[in-house]
Each structure stands twice: as structure tokens, then as C-alpha cells.
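Worksheet: the structure to be examined is printed underneath.
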Amino acid sequence: MKKITQIFFILILFTISSCGIKETKFDQNKWNKRIDGFYEYRENMVNDLIKNHLRKGMTYKQLTNLIGPPENYTDLDKNTVIYNVMEDFGWDIDPVETKTLKIELINDSLVKNYKIEHWKK
């Protein structure tokens, strides 16, 4: 009986550890790949993108060559661009969770700062 309990707990730990985001290296082609209107890979790559590819002082052209044109669908500050990372609609037509990569530029179109904004209902 003790052996069965140990196996059961090992299976539970394995299941729990396999849940969540599987971080992967940034891949320019996969970053912009959409499946059913959603970016399939962005959430897994965004940390590597920020850590190893985005740089303060990059030009706007270098930025768009790296990750494509921004997706400014809302009223943002003049020198701010965003990239959708993840949207979850749950069982509703309105989002219940979003993640966006927000990038601030200075007047001569150089990257000033960037961060992930996470919103959850």
C-alpha cells in the first residue's frame, strides 16, 4: 500500500510540474505565427526576447525588423507601441486575461524602455 501511495504522489508531482508555460528561445518566424487569430508561441518566447534580443537604444526599424510591426489598437501614449503576447477569453466574448509587450520610444524613435503588462479579471 505504501508503494502505491508513493507512485500516486510521484504522478501528481509530475502532472503539476508539466503544467504552465514552457519557455523557449525566441524565434522570429514563430513570433508572428497566428493560429485561429491567436499568437501560439509568443508567451513562451517573450522572456527570452526581452532578456537576449531587445535592447534599449534600438531604432524603430531594428525593432520592427526583429519582431514585426506593432499592434496599436487602443489609444496609447504618443511614443508607445504594443505587441499582444496572450489573450484568454474564457467562456465569454470579452477577455478575462491579457499579456502585452509595451515598448516606450523616445522622440527620435529609439527604444527607451520595455515591459510586460499582465491583466487578469
Side-chain angles (χ1 to χ4, degrees):
M1 188 68 166
K2 187 176 180 181
K3 190 88 161 167
I4 292 174
T5 305
Q6 289 174 339
I7 292 172
F8 178 73
F9 283 117
I10 290 171
L11 287 173
I12 288 176
L13 287 174
F14 178 74
T15 303
I16 291 171
S17 68
S18 66
C19 296
I21 299 170
K22 304 285 186 217
E23 290 193 17
T24 59
K25 291 194 179 287
F26 172 73
D27 179 323
Q28 199 172 29
N29 295 321
K30 286 183 177 180
W31 176 262
N32 287 310
K33 186 173 182 175
R34 292 182 120 182
I35 298 173
D36 293 330
F38 296 95
Y39 294 104
E40 184 76 18
Y41 303 102
R42 284 188 176 183
E43 190 172 16
N44 298 343
M45 291 184 211
V46 72
N47 288 332
D48 183 61
L49 171 66
I50 288 172
K51 185 177 177 183
N52 298 311
H53 300 277
L54 280 182
R55 299 283 178 248
K56 292 180 182 179
M58 290 177 81
T59 65
Y60 181 78
K61 183 168 178 67
Q62 289 172 321
L63 176 68
T64 58
N65 284 342
L66 179 66
I67 57 177
E71 300 154 337
N72 286 18
Y73 301 124
T74 60
D75 294 330
L76 295 171
D77 295 335
K78 178 182 172 188
N79 292 332
T80 303
V81 295
I82 62 164
Y83 293 84
N84 292 328
V85 174
M86 182 275 295
E87 284 183 310
D88 180 9
F89 288 88
W91 296 98
D92 199 354
I93 60 169
D94 295 322
V96 294
E97 183 178 11
T98 63
K99 282 186 187 177
T100 56
L101 173 60
K102 185 175 183 180
I103 301 173
E104 295 178 66
L105 305 168
I106 56 178
N107 286 335
D108 54 354
S109 297
L110 299 177
V111 173
K112 176 183 177 184
N113 201 9
Y114 43 86
K115 65 181 176 180
I116 297 290
E117 291 191 344
H118 185 194
W119 172 84
K120 192 171 186 175
K121 191 173 189 182

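These numbers come from a predicted model, not from an experiment.
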Considering only residues two or more places apart or on different chains, which pairs with a residue in residues 45-71 satisfy ring pair (Phe, Tyr, Trp, His ring centres under 6.0 Å)? Phe26-His53
Applying ring pair (Phe, Tyr, Trp, His ring centres under 6.0 Å) as the test, list every pair that has at least one member in residues 92-111; sequence neighbours left out. none
Is a side-chain donor or acceptor of Glu87 paired with a backbone partner of Thr98 at a separation under 3.5 angstrom? no
Under a 3.5 Å distance rule, please check whether Glu71 uses its side chain to pair with a backbone N or O of Asn84 as donor and acceptor. yes
Under the rule for side-chain contact (heavy atoms from CB on, under 4.5 Å), what residues qualify as partners of Lys25, not counting sequence neighbours? Asp48
If the condition is side chain to side chain donor-acceptor pair (under 3.5 Å), which residues does Gln62 pass it with, not counting sequence neighbours? Thr59
Shortest non-hydrogen separation from [X] to [Y] and the atoms involved:
X     : Y     : result
Met58 : Leu66 : CE-CD2, 4.1 Å
Tyr39 : Asn32 : CE2-O, 3.9 Å
Pro70 : Thr64 : CD-CG2, 4.2 Å

Under 4.5 Å between any side-chain heavy atoms of [X] and [Y], yes or no?
X     : Y      : answer
Lys99 : Val46  : no
Thr80 : Glu104 : yes
Ile67 : Tyr83  : yes

Rounded to the nearest 0.5 Å, how far apart are OG1 of Thr24 and CE of Met45? 5.0 Å
So CE of Met86 and CG of Leu101: to nearest 0.5 Å the spacing works out to 13.5 Å
Apart from Phe38 itself, residues in the same hydrophobic cluster as defined by side-chain heavy atoms under 4.5 Å: Phe89
Identify each donor-acceptor pair in which a side-chain atom of residues 106-121 lies under 3.5 Å from a protein atom, sequence neighbours left out, and give them as a table.
{"residue": "Asn107", "atom": "OD1", "partner": "Asn79", "partner atom": "ND2", "Å": "2.9"}
{"residue": "Tyr114", "atom": "OH", "partner": "Leu54", "partner atom": "O", "Å": "3.2"}
{"residue": "His118", "atom": "NE2", "partner": "Glu97", "partner atom": "OE2", "Å": "2.6"}

